[in-house]
Colleague: 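Take a look at the following structure, please.
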Amino acid sequence: MKKQFLTGLEFDQAANLKLLNLAQQIKANPLDFSTALQGQSVVTLFEKQSLRTRLSFDIGINKLGGHAVYLDQQNGAMGARESVKDFALNISTWADAIVARVNAHSTLTTLAEYSSVPVVNSLCDLYHPCQALADFLTLQEVYGDVSQLKLAYLGEGNNVTHSLMLLAATLGTDFVAVCPKGSSPDAQIVKQAETIAAQNGASVLVSDRIEAAVGANALYADTWVSMGDNTPLELVKEKYMPYQINQQLVEMTGASCVLHCQPAHREFEITSDVMDGQKSKIIQQAENRMHAQNALLVSLLNPNFA
Ligand code: CP
Ligand code: NVA
């Protein structure tokens with residue numbers, strides 16, 4: 001079977017724990033891994049904007065002794081000049097892996113179908129599994145055993161919510177998505193997460209009431225408007241403001257840690273005092289993108305090194 005990382009569900013609980021452990025090792029002793037991807041090239045494709053993902057993959061691959069090649073939309077959208085199938089067939093003759101940030105998940109499944117090398121999802125409309133890995137690496141650093149935690153996500157049910165929910169379920173973390181009516185996460189993914197959570201002694205809850213976040217160890221925010229949706233933030237402010245992560249919410253829930261995948265819109269989904277405050281692990285979380293992704297790339301491309 002070809003190795004892929006399209007939804008994150010390719011890795012079960014044991015494989016995820018191994019990956020997180022490897023990420024901690026890479027973070028602690030980076031020089032031990034400086035040749036792990038020697039002679040390997042990774043193409044990073046982007047249909048959407050990025051700061052963290054682009055740089056953490058590029059710099060991370062470099063630190064593993066590999067070569068990253070960035071491809072954006074300057075030559076036109078993927079599928080316009082030539083088909084996604086032909087992208088995959090050509091790229092995989094030269095590269096050892098493809099990391100892709102795409103508009104539609106179906107682009108990733110087509111890339112994966114025709115690529116002879118691993119394809120990694122670095123965000124699509126449905127999932128952001130590399131983000132979730134970094135988030136759980138951060139939670140593990142803060143708390144140790146993540147299976148004892150309750151994590152509450154507040155805001156729009158989206159790609160980040162889905163990946164967090166699925167990884168929480170896999171690792172046995174209780175998960176609550178607190179989203180306004182009409183902005184709930186995808187019902188099918190919630191169902192899938194519920195099934196996985198039940199196998200791991202965890203729970204998944206979706207609610208529009210912020211009281212559902214009470215007792216959460218960690219609170220998590222994402223933008224209220226995702227890339228590709230041009231709705232001005234001001235227009236959704238009234239709908240989402242009750243879900244803002246602010247000092248009052250942190251106190252009400254009793255949370256001791258605050259996360260945000262970024263880019264953040266200060267004073268919208270999170271206030272600056274919380275984002276810059278003591279409970280915020282947001283910059284640690286951003287740093288961990290690189291360590292988590294490096295662990296993933298080593299596992300996919302040079303498992304004997306791990
Ligand atoms: N969190 C995240 O994926 O950030 P970028 O969109 O900047 O890559
Ligand atoms: N939900 C956001 C995540 C950005 C990292 C988006 O898709 O734009």
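For clarity, every value in this text was computed on a predicted model and none was experimentally measured. We count ligands from 1, going down the list as the structure has it; atoms in each ligand are counted the same way.
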Colleague: Do the numbers put Arg54 on top of the ring of Tyr70, so that NZ or CZ is under 6.0 Å from the six-membered ring centre and no more than 45° off the axis?
Modeller: yes
Colleague: Less than 6.0 Å separating the ring centroids of Phe5 and Phe11?
Modeller: yes
Colleague: Does only the side chain of Gln131 get under 4.0 Å from ligand 2, or the backbone, or both, or neither? Count heavy atoms.
Modeller: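 For Gln131, no heavy atom sits under 4.0 Å from ligand 2.
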Colleague: Looking at atom 6 (O) of ligand 1, what's its closest protein heavy atom, distance included?
Modeller: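 Here the nearest protein heavy atom works out to Arg101 NH1, 2.8 Å.
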Colleague: Between Asn159 and ligand 2, which residue portion shows a heavy-atom distance shorter than 4.0 Å: side chain, backbone, both, or neither?
Modeller: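 For Asn159, only side-chain atoms sit under 4.0 Å from ligand 2.
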Colleague: If you have a sec, work out which protein heavy atom is nearest atom 8 (O) of ligand 2 and how many Å separate them, to one decimal?
Modeller: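 Protein heavy atom with the smallest distance to atom 8 (O) of ligand 2: Met227 N, 2.8 Å.
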Colleague: For the 3.5 Å polar cut-off, considering only N or O atoms, please tell me whether Gln131 and ligand 1 meet it.
Modeller: yes
Colleague: Is it the case that the ring center of Phe268 lies less than 6.0 angstrom away from the ring center of Tyr240?
Modeller: no
Colleague: Measuring from non-hydrogen atoms of Gln262 to any atom of ligand 2, is the shortest distance under 4.0 Å?
Modeller: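 It does; at least one heavy atom falls under 4.0 Å.
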Colleague: Return a yes/no value for His128: is any of its N or O atoms, backbone included, closer than 3.5 angstrom to an N or O of ligand 2?
Modeller: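 His128 vs ligand 2: no N/O contact under 3.5 Å.
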Colleague: Flag the pair Leu64 / Phe305 as yes when at least one side-chain heavy-atom distance between them is below 4.5 Å, and no otherwise.
Modeller: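 Heavy-atom side-chain distance check fails, nothing below 4.5 Å.
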Colleague: In ligand 1, which numbered atoms sit nearer than 4.0 Å to a non-hydrogen atom of Cys261?
Modeller: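 Answer, ordered by atom number: 1 (N).
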Colleague: Out of all atoms in ligand 1, which are within 4.0 Å of some heavy atom of Leu51? Include the element for each.
Modeller: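 The list of qualifying atoms is 5 (P), 7 (O), 8 (O).
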Colleague: For ligand 2, find out whether one of its N or O atoms is nearer than 3.5 Å to an N or O atom of Thr223.
Modeller: no
Colleague: Does atom CD (Gln278) have a neighbourhood of more than 12 heavy atoms from anything else shown, all under 6.0 Å?
Modeller: no
Colleague: Around atom CD of Glu267, are there more than 12 heavy atoms from other residues, nucleotides or ligands closer than 6.0 Å?
Modeller: yes
Colleague: Applying side-chain hydrogen bond (donor to acceptor under 3.5 Å, both in side chains) to Lys3 and Ser299, what does each step give before you reach the verdict?
Modeller: CA-CA 10 Å; Lys3 291 182 194 163; Ser299 307; over 6 Å; no
Colleague: Find all atoms of ligand 2 within a distance of less than 4.0 Å from any non-hydrogen atom belonging to Asn158, and give their numbers and elements.
Modeller: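 Once the distances to Asn158 are compared, the set is 1 (N).
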Colleague: When you check the side-chain N and O atoms of Asp222 and Asn158, is any donor under 3.5 Å from an acceptor?
Modeller: yes
Colleague: Which option wins on minimum heavy-atom distance to atom 3 (O) of ligand 1: His128, Arg52, Lys48, Met227?
Modeller: His128
Colleague: Between His105 and Tyr127, is the gap from one ring center to the other below 6.0 Å?
Modeller: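 So the answer is yes for these two rings.
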Colleague: For atom 4 (C) of ligand 2, find the nearest protein heavy atom and state the residue, atom name and distance (0.1 Å precision).
Modeller: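 The protein heavy atom lying closest is Leu123 CD1, 3.9 Å.
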Colleague: Among all protein heavy atoms, pick the one closest to atom 2 (C) of ligand 1 and tell me residue, atom and distance.
Modeller: Arg289 NH1, 3.3 Å
